[in-house]
2 protein chains.
Amino acid sequence: MSKPPEPHGAASSRQAQRSADMRRRLCQAAIDVLCDVGYERLSTPLIAARAGVSRGAQTHHFPAKADLMVGAFRHLLQSWEEARVATFGTTDPPRVTLETYLRFAWREIFGKPSYVAALELMMAARADERLGGQLREALDEWAVRRGAVWREVLRFSGLRDDDAFQHINMSLLRGMAVHRGFNHAESENEAVLDEWIALVRHMGVVPPAP
Amino acid sequence: MSKPPEPHGAASSRQAQRSADMRRRLCQAAIDVLCDVGYERLSTPLIAARAGVSRGAQTHHFPAKADLMVGAFRHLLQSWEEARVATFGTTDPPRVTLETYLRFAWREIFGKPSYVAALELMMAARADERLGGQLREALDEWAVRRGAVWREVLRFSGLRDDDAFQHINMSLLRGMAVHRGFNHAESENEAVLDEWIALVRHMGVVPPAP
DNA sequence: AACTAAATACAGACTGGCCTGTTTGTTTTA
DNA sequence: TAAAACAAACAGGCCAGTCTGTATTTAGTT
């Protein structure tokens with residue numbers, strides 16, 4: 001039986017398999033390059049070389065640079081989701097306290113070098129309207145699940161289910177990541193996270209103001 | 001009486017005056033370009049055009065691109081200091097509550113479009129070791145005064161003088177700025193700041209854990 | 001005060017290099 | 001046999017840094 005062409009889904013045919021592998025390699029190489037040299041010095045030949053692939057292959061799978069950037073971004077989002085499942089198992093959203101989830105988020109996502117790739121892409125998207133649209137689209141559909149996870153975590157921690165409080169946590173982690181990227185102060189961020197968690201513990205006793 | 005040549009201090013001679021003016025114009029143009037098109041598409045000819053200046057003038061005052069970036073960064077830091085003095089007067093560090101200072105910091109620094117220029121520069125500095133060194137140098141000497149301001153604000157607010165708590169506030173503002181730059185959600189950030197200030201009010205009553 | 005020589009400020013052209021997107025050709029798979 | 005995957009070369013464009021040339025300012029001298 002012949003299988004339908006699945007250009008973007010799970011690989012079934014041999015071609016689709018190769019295609020998916022190649023796309024993954026290129027996306028991963030793009031993230032690596034982004035981490036190492038930043039968006040400024042990033043170039044499509046550099047990514048192809050990093051992936052050990054000819055430039056023809058790269059242009060075949062990602063005709064425009066922006067396409068590759070979007071692919072890298074989606075690759076990142078997916079890796080974050082995989083990290084969550086790998087850490088907390090299949091019960092998704094996980095039933096853990098905010099403290100546990102914060103430490104996970106820092107250790108596995110925001111505190112990792114690869115997160116600066118996401119930052120670079122988000123910054124670069126400001127200039128390119130087309131790229132920005134596609135990145136926001138990817139982030140928006142991913143944010144649905146992310147929101148559900150945070151809601152469950154807050155509920156489980158006995159805290160009010162509050163959009164603003166979600167964003168406080170994420171903005172804090174983002175800001176720490178920027179600080180980490182620029183001012184390689186690792187231990188400083190650990191102290192900041194500890195202090196924030198201590199504050200959160202207090203909030204467990206004293207819920208936030210109306 | 002003849003005045004000594006002050007190549008970098010307050011302008012006295014006519015040449016030094018023109019030089020300082022030109023440098024200011026170029027730094028401001030660099031920030032504007034950075035805000036509008038981002039670091040990726042930034043170029044020295046673009047900056048010169050934005051400043052209404054010949055490229056020869058630009059290369060004369062800033063031989064290398066990195067020099068101009070450092071100048072723009074220092075220009076930004078200075079503008080933040082000026083904003084603080086303009087808002088709170090000459091009593092420096094200002095004697096205001098944390099809430100007042102947070103709202104100022106968001107309104108006049110982190111929440112303004114020009115802050116993304118600082119973010120772009122900090123991101124770009126990751127790749128360029130030389131640029132990064134000079135930017136960190138500028139930031140470090142500025143951080144001395146910034147630390148004094150935060151300490152006084154925390155003390156005045158009856159909160160513990162705590163480095164980690166300082167960094168929580170600044171990382172939160174940074175993270176909000178990134179969110180603002182990418183996901184033009186203005187009102188969302190206002191709500192986040194309000195919520196954070198509400199939490200801080202609680203902390204005024206219940207000091208953080210040891 | 002006038003004059004000169006050096007230093008500084010400014011202007012514009014040039015070059016070597018790299019990048020993006022395209023195109024043409026070859027191999028593998030369906 | 002057609003389509004997809006891969007390979008490599010090409011063309012147009014832009015940029016950073018340099019260099020040569022001109023105008024303005026300053027310092028030194030008388």
Side-chain angles (χ1 to χ4, degrees), chain A residues 1-9 11-26 29-30 33-34 37-72 124 127-128 130-131, chain B residues 1-9 11-26 29-30 33-34 37-72 124 127-128 130-131:
Chain A
M1 54 174 128
S2 68
K3 290 171 184 174
E6 304 172 63
H8 283 263
S12 59
S13 69
R14 195 160 171 185
Q15 239 178 21
Q17 175 78 330
R18 287 208 315 187
S19 182
D21 282 353
M22 181 66 84
R23 291 176 71 92
R24 241 194 311 276
R25 283 176 66 183
L26 282 165
V33 169
L34 223 35
V37 306
Y39 202 131
E40 188 199 0
R41 303 190 183 182
L42 170 143
S43 70
T44 47
L46 197 58
I47 292 171
R50 179 76 161 236
V53 168
S54 80
R55 190 155 142 61
Q58 176 257 305
T59 56
H60 175 67
H61 290 282
F62 299 95
K65 183 182 175 186
D67 298 329
L68 185 46
M69 297 300 103
V70 174
D128 191 330
R130 179 151 172 58
L131 177 61
Chain B
M1 49 173 134
S2 67
K3 290 170 185 174
E6 304 171 63
H8 280 262
S12 59
S13 71
R14 196 159 169 184
Q15 241 178 20
Q17 174 77 329
R18 287 210 312 188
S19 182
D21 283 352
M22 181 65 84
R23 290 175 72 90
R24 241 194 311 276
R25 283 177 66 184
L26 282 165
V33 169
L34 224 35
V37 306
Y39 203 131
E40 189 199 359
R41 303 190 182 182
L42 169 142
S43 71
T44 46
L46 197 58
I47 293 171
R50 179 76 162 236
V53 169
S54 81
R55 193 158 142 62
Q58 177 257 305
T59 56
H60 174 68
H61 290 282
F62 299 95
K65 185 183 176 186
D67 298 329
L68 185 46
M69 297 300 103
V70 174
D128 190 331
R130 179 151 171 58
L131 176 61

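Just so it is clear: chains get the letters A, B, ... in the order the sequence lines come, proteins before strands, and each one is counted from 1.
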Please name the residue in the list A:His60, A:Arg25, A:His61 that meets the side-chain contact (heavy atoms from CB on, under 4.5 Å) test with A:Val53. A:Arg25
Rounded distance in Å - CZ (B:Arg130) to C1' (D:dG17): 14 Å
Residue B:Ala57, side-chain atoms from C-beta onward, closest of C:dC10, C:dT22, D:dA16: C:dC10
Measure the distance from CG on B:Leu26 to P on C:dA11 and round it to the nearest whole Å. 11 Å
By nearest atom, which of the nucleotides D:dT24, C:dC19, D:dA16 is closest to the B:Ser43 side chain? D:dA16
Closest nucleotide among D:dC6, C:dC10, C:dT20 to the A:His60 side chain: D:dC6
Among the candidates D:dG17, D:dA7, C:dA11, find the nucleotide nearest to the side-chain atoms of A:Ser54. D:dA7
Starting the side chain at C-beta, find the nucleotide from C:dA11, D:dT24, D:dA16 nearest to B:Val53. C:dA11
Of all the nucleotides listed (D:dT18, D:dA16, C:dC10), which has the minimum atom distance to the side chain of B:Thr59? D:dT18
For the side chain of A:Pro45, starting at C-beta, report the closest nucleotide among D:dA5, D:dG17, C:dT20. C:dT20
From CD of B:Gln17 across to P of C:dA9 the rounded distance in Å is 13 Å
Given atom CG of B:Leu42 and atom P of D:dA16, what is their separation to the nearest angstrom? 7 Å
So do the side chains of B:Arg41 and A:Asp128 get within less than 4.5 Å of each other, counting heavy atoms only? yes
Pair A:Arg55, A:Gln58: side-chain N/O donor-acceptor within cut-off below 3.5 Å: yes
For the pair B:Arg24 and B:Asp21, find out whether any cationic side-chain nitrogen is under 4.0 Å from an anionic carboxylate oxygen. yes
Which nucleotide sits closest to the side chain of B:Thr44: C:dC10, C:dC19, D:dA16? D:dA16
Ignoring the backbone of A:Ala64, work out which of C:dA11, D:dT18, C:dG21 is nearest its side chain. C:dG21
